[in-house]
A.B. asks: 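Right, I'll just put the structure down here and ask away after.
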Amino acid sequence: MSYVDNVYENVVSYYPDQKEYHQAVKEFLESVRTVVENDEEKYQQEAMLERMVVPDREHSFRVTWTDDHGEVQVNHGYRIQVNNALGPYKGGLRFHPTVTQGMIKFLGFEMVYKNALTGLPIGGAKGGADFDPKGKSDREIMRFCQAYVGELFKYTGPNMDVPAGDIGVGGREIGYLFGMYKKLTDQFDGTLTGKGLTFGGSLVRTEATGYGLMYFVDELLKDHGQDIKGKTVTVSGAGNVAIFAIEKAQQMGAKVVTCSDSNGWVYDPDGIDLDLLKEVKLEKRARLTEYAAKRPNAEYHEGHEGLWAVKTDIALPCATQNDITLEDAKALVANGTYAVCEGANMPTTLEATDYLQKNGVILCPSKACNAGGVSVSELEMAQDSEHLYWSFEEVDSRLSDIMRNIYHIIADAAKENDLGENYVAGANIAAFNRVAEAMAAQGVY
Ligand code: GLU
């Protein structure tokens, strides 16, 4: 068995139930196979792949908190520090009832290589808990965050590990986490990013993933002699990533016609009304049915099916992992989609990825496309460490440069390795080379 296959088999047998982790590792290893096999002895001698797929450290802990009825609740919390070859561990926290150790591990693995593509000095980690914020009061959210950070703070620090938000963790949660972190450590520092603007947060952090995605799309289209202006865009999701991708797409002159939440999706042929969407999702934290009720021409569809069949030029999955299945990929090809650019982490299954690529749809992976969020997180770390705030324009223009640069890094890597427009492989190879070089230089430990 080849070195690459052997490493993959070991991942499956060490972590038999962690399906999403298998998926992330498989995609990565298939992409770097040729690069590794060209220099197999060197990589094998250093156990480079084994050291990449086994996280540096996995913290798994109990989170005990009391609900509004005085009942004691227990959740499972995690922080998985995957690799710090390029800088302090960096990556968000996900609070969602489906969270497992395997899910956090796949997300942490993705962070390592995403962060490598940004060119910024950050390693990769991820954390979270199987806590469901839906239907909880503000006080319950606060007590949960305080209990969670009561354990997390032992492993974090501005030069050690810097968490941020992800699904279920936004500005409100980061505020509560930061407050208790500060109380426990007496340090007012940049250990968490996504903080409020009055206490060390950065302008553009809220918008960063969505805006960054569109800067990437804009660069991709320009490089292919096309213009985002006038294009039709379909989006899944209605959270932070989706909302600010829609905002920037509209500013750039595109027409966005769909969005979705965990219950259903909306087709709005007149183009999404962003103010209404923000009111429903960000202010009221309500369902998309409320959006559809106020838009006479909009259609509301229960469930997930059908969104990717809507005719589009650019599809932006901005919801969660494995959102685009093989069936969806067939629908995207059938409706003539030009490119799929991933706003969520790993939203396309391996079968769907293969089908899209074989049928001429340009697929840009989340490691590249959604790196805007973590990039501005790193700019927040930079501001915190110099005890200064930068202007909106300064942060936004750095974000735009980083995302456009990532496009060229992955496109060049694909070209140099004779992979045409296989940007999934291009991203994995470029990121692998950077992390492997740093690991090799730092010795075996
Ligand atoms: N959760 C985001 C991501 O998946 C942001 C992480 C961060 O800002 O550290 O990239």
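In this text the structure is predicted, and so the values were computed from the model without any measurement.
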A.B. asks: Below 4.5 Å, heavy atoms only, C-beta onward: do S236 and W265 meet side chain to side chain?
C.D. replies: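 Of all side-chain heavy-atom pairs linking W265 with S236, none is under 4.5 Å.
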A.B. asks: Can you tell which of R33, Q44, E50 makes a side-chain hydrogen bond (donor to acceptor under 3.5 Å, both in side chains) with Y3?
C.D. replies: E50
A.B. asks: So do the side chains of L316 and T234 get within less than 4.5 Å of each other, counting heavy atoms only?
C.D. replies: no
A.B. asks: Might you work through the side-chain contact (heavy atoms from CB on, under 4.5 Å) test for Q18 and M103, ending with a clear yes or no?
C.D. replies: CA-CA 7 Å; Q18 301 183 352; M103 186 191 290; over 6 Å; no
A.B. asks: Closest heavy-atom contact between I406 and T118?
C.D. replies: CD1-CA, 4.1 Å
A.B. asks: Under the criterion side chain to side chain donor-acceptor pair (under 3.5 Å), I'd like the reasoning laid out for D56 against N83: C-alpha separation, chi angles, the key distance, then a yes or no.
C.D. replies: CA-CA 6 Å; D56 287 354; N83 187 303; 5.4 Å; no
A.B. asks: What's the spacing between S60 OG and Q101 CD if we round to 0.5 Å?
C.D. replies: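 Output value for this atom pair is 5.0 Å.
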A.B. asks: When you compare the side chains of R205 and S377, does any donor N or O come within less than 3.5 Å of an acceptor on the partner?
C.D. replies: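 There is such a pair between these side chains.
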A.B. asks: For E40, does the CD atom have more than 12 heavy-atom neighbours from other residues, nucleotides or ligands under 6.0 Å away?
C.D. replies: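 Yes - once you tally the heavy atoms of other residues, nucleotides and ligands closer than 6.0 Å, there are more than 12.
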A.B. asks: Does the side chain of K195 reach to within under 4.5 Å of the side chain of S202, using non-hydrogen atoms?
C.D. replies: no
A.B. asks: Check for a donor-acceptor pair, side chain of T258 on one end and backbone N or O of L307 on the other, with a separation under 3.5 Å.
C.D. replies: no
A.B. asks: Can you see whether Y291 has K281 sitting over its ring - NZ or CZ less than 6.0 Å from the centre and within 45° of the normal?
C.D. replies: no
A.B. asks: Under a 4.5 Å cut-off applied to non-hydrogen side-chain atoms, are R404 and D218 in contact?
C.D. replies: yes
A.B. asks: For the pair E342 and K367, find out whether any cationic side-chain nitrogen is under 4.0 Å from an anionic carboxylate oxygen.
C.D. replies: no
A.B. asks: Does either side chain, that of Q251 or that of K248, offer a donor lying less than 3.5 Å from an acceptor on the other one?
C.D. replies: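 Yes, K248 and Q251 have a side-chain donor paired with an acceptor closer than 3.5 Å.
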A.B. asks: Search all heavy atoms of G372 against all heavy atoms of A208 and return the closest pair with its distance.
C.D. replies: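 G372 and A208 have their closest heavy atoms at O-CB, 3.4 Å.
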A.B. asks: Roughly how far, to the nearest 0.5 Å, is CE of M48 from CD of E437?
C.D. replies: 10.0 Å
A.B. asks: How far apart are the closest heavy atoms of L326 and Y355, and which atoms are they?
C.D. replies: CD1-CB, 3.7 Å
A.B. asks: Around atom NE2 of H301, are there more than 12 heavy atoms from other residues, nucleotides or ligands closer than 6.0 Å?
C.D. replies: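 Atom NE2 in H301 is packed in, count exceeds 12.
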A.B. asks: Is a side-chain donor-acceptor pair under 3.5 Å present for E110 with N345?
C.D. replies: no
A.B. asks: Are there more than 12 heavy atoms of other residues, nucleotides or ligands under 6.0 Å from atom CD of E290?
C.D. replies: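 Atom CD in E290 is crowded, with more than 12 foreign heavy atoms closer than 6.0 Å.
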A.B. asks: Can you name the one residue among D268, I272, L282 that meets side chain to side chain contact (heavy atoms under 4.5 Å, CB included) with L277?
C.D. replies: I272
A.B. asks: Could you pull out the closest heavy-atom pair between A371 and K114, with the gap in Å?
C.D. replies: CB-CG, 3.7 Å
A.B. asks: Would you call L93 and E173 a side-chain contact if the rule is heavy atoms closer than 4.5 Å?
C.D. replies: no
A.B. asks: Do K311 side-chain atoms and N335 backbone N/O form a donor-acceptor pair below 3.5 Å?
C.D. replies: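 Side chain of K311 to backbone of N335, a donor-acceptor pair under 3.5 Å: yes, one is there.
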A.B. asks: Using side-chain contact (heavy atoms from CB on, under 4.5 Å) as the criterion, list what pairs up with E416, not counting sequence neighbours.
C.D. replies: D412
A.B. asks: If I take atom CD from residue E327 and atom OG1 from residue T349, how far apart are they, to the nearest 0.5 angstrom?
C.D. replies: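 So the CD of E327 and the OG1 of T349 are separated by 10.0 Å.
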A.B. asks: Do Y338 and Q226 have a side chain donor and acceptor closer than 3.5 Å?
C.D. replies: yes
A.B. asks: Measuring only between side-chain heavy atoms, which start at C-beta, is N115 closer than 4.5 Å to L86?
C.D. replies: no
A.B. asks: Can a donor-acceptor pair be found, under 3.5 Å and without considering hydrogens, that links the side chain of R51 to the backbone of E46?
C.D. replies: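 Yes, the answer is positive, given that a donor and an acceptor are paired below the 3.5 Å cut-off.
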A.B. asks: Under a 4.5 Å cut-off applied to non-hydrogen side-chain atoms, are T98 and D130 in contact?
C.D. replies: no
A.B. asks: State the CG-CZ distance between L192 and F178, to the nearest 0.5 angstrom.
C.D. replies: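 Atom-to-atom, L192:CG and F178:CZ are 7.5 Å apart.
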A.B. asks: If we count only N and O atoms by modelled type, under 3.5 Å, do the side chains of H22 and E27 hold a donor and an acceptor together?
C.D. replies: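 Absent: no donor and acceptor within the cut-off.
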A.B. asks: Which atom pair, heavy atoms only, marks the closest approach of A116 to V435?
C.D. replies: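 Reported closest heavy-atom pair: CB-CG2, 3.8 Å.
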A.B. asks: Show the numbers, then the answer: is there a side-chain contact (heavy atoms from CB on, under 4.5 Å) between C369 and M214?
C.D. replies: CA-CA 8 Å; C369 295; M214 288 314 301; over 6 Å; no
A.B. asks: Does this structure show an ion pair linking D166 with R94, if we count only N-O contacts that are shorter than 4.0 Å?
C.D. replies: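 Salt bridge flag = yes for R94 with D166.
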A.B. asks: Measuring from atom CG of L419 to atom CD of Q357, what distance do you get when rounded to the nearest 0.5 angstrom?
C.D. replies: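 That separation rounds to 9.5 Å.
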A.B. asks: What I want to find out is whether R398 reaches E394 closely enough, with some N-O distance under 4.0 Å, to be called a salt bridge.
C.D. replies: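 A salt bridge links R398 with E394.
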A.B. asks: Please test Q23 against N322 for side chain to side chain donor-acceptor pair (under 3.5 Å), starting from the C-alpha separation and ending with a verdict.
C.D. replies: CA-CA 10 Å; Q23 182 182 338; N322 293 330; 2.8 Å; yes
A.B. asks: Does the pair K90 and T193 meet the rule for a side chain to side chain donor-acceptor pair (under 3.5 Å), with working shown?
C.D. replies: CA-CA 10 Å; K90 183 81 196 86; T193 58; 3.0 Å; yes
A.B. asks: Would T337 and I314 count as a side-chain contact (heavy atoms from CB on, under 4.5 Å) if you check the C-alpha gap in whole Å, the side-chain angles of each, and the deciding distance to 0.1 Å?
C.D. replies: CA-CA 6 Å; T337 306; I314 311 289; over 6 Å; no
A.B. asks: Between Y211 and D396, is any side-chain donor less than 3.5 angstrom from a side-chain acceptor?
C.D. replies: no
A.B. asks: Can K105 and E58 be said to form a salt bridge (charged side-chain N to carboxylate O under 4.0 Å, His left out), step by step?
C.D. replies: CA-CA 8 Å; K105 199 179 295 172; E58 299 186 43; 3.2 Å; yes
A.B. asks: Residues in side-chain contact (heavy atoms from CB on, under 4.5 Å) with A129, at least two apart?
C.D. replies: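 Partners of A129 under the side-chain contact (heavy atoms from CB on, under 4.5 Å) test: F95, F131, F144, Y148.
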A.B. asks: With P269, which residues qualify under side-chain contact (heavy atoms from CB on, under 4.5 Å), at least two apart?
C.D. replies: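 P269: side-chain contact (heavy atoms from CB on, under 4.5 Å) contacts with Y267, N297.
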A.B. asks: Any cation-pi pair here, K126 with Y78, using under 6.0 Å and within 45°?
C.D. replies: no
A.B. asks: Tell me, do V36 and F432 make a side-chain contact under 4.5 Å, heavy atoms counted?
C.D. replies: yes
A.B. asks: Determine the minimum heavy-atom distance between S31 and V424, stating which atoms define it.
C.D. replies: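 Heavy-atom minimum between the residues: OG-O, 4.0 Å.
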A.B. asks: Mark yes when over 12 heavy atoms from residues, nucleotides or ligands other than F392 sit less than 6.0 Å from its CZ; otherwise mark no.
C.D. replies: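 Yes, CZ of F392 has more than 12 neighbouring heavy atoms, counting only those of other groups under 6.0 Å.
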A.B. asks: Test ring-ring contact (aromatic ring centres under 6.0 Å, His included) on F28 and F109; report intermediate values, then the result.
C.D. replies: CA-CA 10 Å; F28 177 76; F109 185 79; 5.2 Å; yes
A.B. asks: Can you tell me if K229 has over 12 outside heavy atoms packed within less than 6.0 Å of its NZ?
C.D. replies: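 Atom NZ in K229 is not packed in, count stays at 12 or less.
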A.B. asks: If you round to the nearest 0.5 Å, how far is SG of C341 from CG of L363?
C.D. replies: 8.0 Å
A.B. asks: Just wondering, more than 12 heavy atoms not from E41 lying within 6.0 Å of its CD?
C.D. replies: no
A.B. asks: Set out, in order, the CA-CA distance, both residues' side-chain angles and the distance that settles side chain to side chain donor-acceptor pair (under 3.5 Å) for H224 and E421, then state yes or no.
C.D. replies: CA-CA 11 Å; H224 287 74; E421 294 192 328; 2.6 Å; yes
